[in-house]
Student: 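Have a look at this one before I ask anything.
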Amino acid sequence: MEGTEKNQFVALLQGRTKSFVLRSIKVFKALPSTEEARIIGKQFLRSSSSVGANYRAVCRSRSQNEFFSKLSVTIEEADESLFWLEIIAESGILPIEKLNPLMSEAEELVKILSKARKNTK
């Protein structure tokens, strides 16, 4: 990937990860006021907000090893976010139909970031 293409890819992914965080906040706000929704919701919000923050840190990496490490954390957080979305849906806290678009985005982010990590080695 050439310099301009790489910069466009990075900018696009920064936008997508930030959008993922903002969309996750909306899901969190839509959770009912039950104890289980509050506990699971906080776990979800922590992991989903880490996706955007950690990808931003990836973009500021000072070395290949730091890049790989921070990218790995970002992948883990995206996958954890997907896990919590599955729990929210499967437990009946929110209907799956409300969560499907964000779940799809989480899956896509995991795939894209995993491929980027694979290409760094």
Side-chain angles (χ1 to χ4, degrees):
M1 194 179 293
E2 290 185 35
T4 303
E5 280 182 37
K6 183 180 176 186
N7 291 341
Q8 289 173 342
F9 174 79
V10 167
L12 176 69
L13 209 46
Q14 279 182 330
R16 280 183 77 169
T17 56
K18 189 176 192 177
S19 175
F20 180 75
V21 175
L22 294 170
R23 290 169 64 195
S24 296
I25 292 169
K26 288 180 182 176
V27 167
F28 178 78
K29 286 180 173 183
L31 293 172
S33 300
T34 62
E35 185 68 15
E36 65 274 9
R38 188 182 63 75
I39 292 167
I40 292 167
K42 283 185 178 183
Q43 293 283 10
F44 165 65
L45 192 58
R46 281 188 193 98
S47 62
S48 63
S49 59
S50 289
V51 173
N54 281 303
Y55 185 72
R56 193 171 178 136
V58 167
C59 297
R60 305 275 185 253
S61 298
R62 295 166 292 200
S63 68
Q64 193 73 5
N65 286 339
E66 186 178 23
F67 177 86
F68 188 86
S69 176
K70 289 183 183 295
L71 192 56
S72 295
V73 171
T74 306
I75 295 164
E76 289 172 20
E77 295 293 346
D79 189 53
E80 183 179 336
S81 298
L82 180 58
F83 171 78
W84 291 120
L85 286 167
E86 291 168 356
I87 294 300
I88 291 167
E90 291 173 24
S91 66
I93 293 173
L94 284 179
I96 187 96
E97 296 77 27
K98 282 191 161 198
L99 302 172
N100 274 334
L102 195 57
M103 291 172 77
S104 294
E105 180 65 357
E107 289 172 349
E108 284 184 34
L109 287 172
V110 169
K111 288 176 186 174
I112 292 166
L113 295 166
S114 295
K115 184 161 180 131
R117 181 178 61 182
K118 184 178 179 186
N119 291 337
T120 64
K121 284 281 175 172

Student: So does Arg62 get a backbone contact from the side chain of Glu66, meaning a donor-acceptor N/O pair under 3.5 Å?
Tutor: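 Side chain of Glu66 to backbone of Arg62: a pair is present.
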Student: Which heavy-atom pair separates Ala106 from Leu82 by the least distance, and what is that distance?
Tutor: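 Closest pair (atom of Ala106, atom of Leu82, distance): CB-CB, 4.1 Å.
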Student: Just wondering, do Leu109 and Leu13 contact through their side chains at under 4.5 Å, heavy atoms?
Tutor: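 In short, these two side chains touch, coming nearer than 4.5 Å.
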Student: If you look at every heavy atom in Leu94 and Ala30, which pair is closest and at what distance?
Tutor: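 Nearest pair, atom of Leu94 first, then Ala30: CD2-O, 3.7 Å.
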Student: Between Gln64 (side chain only) and Thr120 (backbone N and O only), is there a donor and an acceptor less than 3.5 Å apart?
Tutor: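 Checked: pair present.
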Student: Could you check whether any side-chain N or O of Asn54 sits under 3.5 Å from a backbone N or O of Ser50, counting only pairs where one atom can act as donor and the other as acceptor?
Tutor: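 Yes; at least one donor-acceptor contact below 3.5 Å.
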Student: Within the 3.5 Å criterion, strictly below it, is a donor on Ser33 or Arg38 matched to an acceptor on the partner's side chain?
Tutor: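 No.
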Student: Using modelled atom types only, decide if a donor and an acceptor are shared between the side chain of Ser69 and the backbone of Asn65 within a distance under 3.5 Å.
Tutor: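 No, because the side chain of Ser69 does not come within donor-acceptor range (under 3.5 Å) of the backbone of Asn65.
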Student: With a 4.5 Å cut-off on side-chain heavy-atom distances among I, L, V, M, F, W and Y, is there a chain of contacts connecting Val110 to Met103?
Tutor: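 Yes, because Val110 and Met103 connect within a single hydrophobic cluster, where side-chain heavy atoms sit under 4.5 Å apart.
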Student: Using a strict cut-off of less than 4.0 Å between a Lys/Arg side-chain nitrogen and an Asp/Glu carboxylate oxygen, indicate whether Glu80 and Arg46 qualify as a salt bridge.
Tutor: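 Here Glu80 does not pair with Arg46 in a salt bridge, since their nearest N and O are not under 4.0 Å apart.
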Student: Please report the closest heavy-atom contact between Ser61 and Phe67, naming both atoms and the distance.
Tutor: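 Minimum heavy-atom contact is OG-CA, 3.2 Å.
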Student: Treating Ser19 as the side-chain partner and Gly15 as the backbone partner, does any N or O pair qualify as donor plus acceptor under 3.5 Å?
Tutor: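 No; zero donor-acceptor contacts below 3.5 Å.
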Student: Any heavy-atom pair between the side chains of Arg16 and Ile112 that's under 4.5 Å?
Tutor: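 Side-chain contact under 4.5 Å: yes.
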